[in-house]
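What you see is a predicted model; the values in this text were computed from it and never measured.
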Amino acid sequence: MGPRPLPYQPENWVLAPTPIELIARPANPTTLELLRGRVETGPEIFGSTAAWIAQEMFAIQTASQSLTLVRPQQLRFYSKENNSGFRQLRVRFELQSARYDLPVTDPRWENCPALVRSPFFREHPWPTVANTVSADAVPLITVSLSEPFTDPARCFKLAACIFTAALPAGS
């Protein structure tokens, strides 16, 4: 138990000898208060606007972080067949002037029937998908950096958690 940093995921910790269990979702107001002022403004995520970072870059310099929170503009969901032939849910969004197209790994969204069964490449804008969200809530995405895979080895940016929060205009 304790810190288990990797060059591309410096925040890693082993918390228990067995898998952990999600206790609650969404975050309570106290936890949401911690988000104020911690939203990445972009346009770069993890130092670039690319969809991935070459693993060899971490031999030169360890990542400063592998998790960040962004407030996307023009958030849209769609699905496509990935390189392995499986349907993959993805999000497109803008962060300042940069455009992103990331795989979704958040189980809550990956298993959303309306999105999973949608025809490939049919986009679903955020307000349509989240029609039960209050007017003052904004979408936020926790972007994470994957373990390296593919050849050459790349660490991909992932939409690991997509949620809403009522944040002040400057957050």
Side-chain angles (χ1 to χ4, degrees), residues 8-11 26 32 35-58 60-61 63-112 114-171:
Y8 46 86
Q9 294 174 339
E11 304 93 343
L32 288 176
L35 300 180
R36 295 184 196 283
R38 292 184 172 86
V39 178
E40 178 68 44
T41 59
E44 297 179 345
I45 299 175
F46 306 131
S48 79
T49 58
W52 51 268
I53 300 171
Q55 181 185 8
E56 65 190 29
M57 296 302 296
F58 301 116
I60 299 167
Q61 181 175 349
S64 61
Q65 64 186 53
S66 65
L67 294 166
T68 195
L69 189 62
V70 300
R71 181 178 177 176
Q73 291 88 41
Q74 300 182 14
L75 176 60
R76 299 169 312 279
F77 289 83
Y78 77 101
S79 64
K80 75 173 199 173
E81 189 173 301
N82 67 15
N83 294 338
S84 301
F86 295 102
R87 182 180 288 260
Q88 180 182 65
L89 184 63
R90 300 182 66 88
V91 288
R92 288 183 176 148
F93 63 91
E94 293 182 13
L95 193 57
Q96 287 191 28
S97 59
R99 293 184 178 163
Y100 289 92
D101 185 336
L102 306 179
V104 174
T105 59
D106 184 334
R108 184 173 54 161
W109 292 99
E110 275 185 313
N111 300 321
C112 177
L115 298 174
V116 172
R117 294 188 191 119
S118 178
F120 286 150
F121 300 111
R122 179 174 173 211
E123 291 195 353
H124 299 272
W126 173 257
T128 304
V129 174
N131 58 6
T132 59
V133 176
S134 67
D136 63 340
V138 296
L140 296 170
I141 301 175
T142 302
V143 178
S144 69
L145 204 54
S146 75
E147 292 188 359
F149 66 100
T150 68
D151 187 23
R154 297 173 175 167
C155 298
F156 288 86
K157 296 173 187 176
L158 309 169
C161 183
I162 303 168
F163 63 102
T164 61
L167 296 175
S171 295

For the backbone of [Y] and the side chain of [X], can you confirm whether one donor and one acceptor N or O come within less than 3.5 Å of each other?
| X | Y | answer |
| --- | --- | --- |
| Ser66 | Gln9 | no |
| Trp109 | Ile162 | yes |
| Arg76 | Gln74 | yes |

Can you find a pair of side-chain heavy atoms, one from [X] and one from [Y], that are under 4.5 Å apart?
| X | Y | result |
| --- | --- | --- |
| Gln65 | Glu11 | yes |
| Thr105 | Phe156 | no |
| Val70 | Phe93 | yes |
| Arg38 | Leu69 | no |

Hey, what do you get for [atom1] ([X]) to [atom2] ([Y]), rounding to the nearest 0.5 Å?
| X | Y | atom1 | atom2 | result |
| --- | --- | --- | --- | --- |
| Trp52 | Leu145 | CH2 | CG | 12.0 Å |
| Arg154 | Ile53 | CZ | CD1 | 12.0 Å |
| Ile45 | Leu102 | CD1 | CG | 6.0 Å |
| Tyr100 | Glu44 | OH | CD | 6.5 Å |
| Ser146 | Tyr8 | OG | OH | 8.5 Å |

Closest non-hydrogen atom pair between Pro139 and Pro72, with its separation: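 Looking at all heavy atoms of both residues, the closest pair is O-CD, 3.3 Å.
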For residues Thr49 and Pro43, report the shortest heavy-atom separation together with the two atoms involved.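 Reported closest heavy-atom pair: CG2-O, 3.9 Å.
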More than 12 heavy atoms of other residues, nucleotides or ligands under 6.0 Å from CD of Gln96: yes or no?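 More than 12 within 6.0 Å, yes.
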side-chain hydrogen bond (donor to acceptor under 3.5 Å, both in side chains) between Ser48 and Lys157: does it pass, once the steps are laid out? CA-CA 10 Å; Ser48 79; Lys157 296 173 187 176; 3.1 Å; yes
Looking at Leu75, Asp106, Leu158, which hits side chain to side chain contact (heavy atoms under 4.5 Å, CB included) with Val91?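 Passing option: Leu75.
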Check against side-chain contact (heavy atoms from CB on, under 4.5 Å), Phe58 and Cys155: CA-CA 10 Å; Phe58 301 116; Cys155 298; 3.8 Å; yes
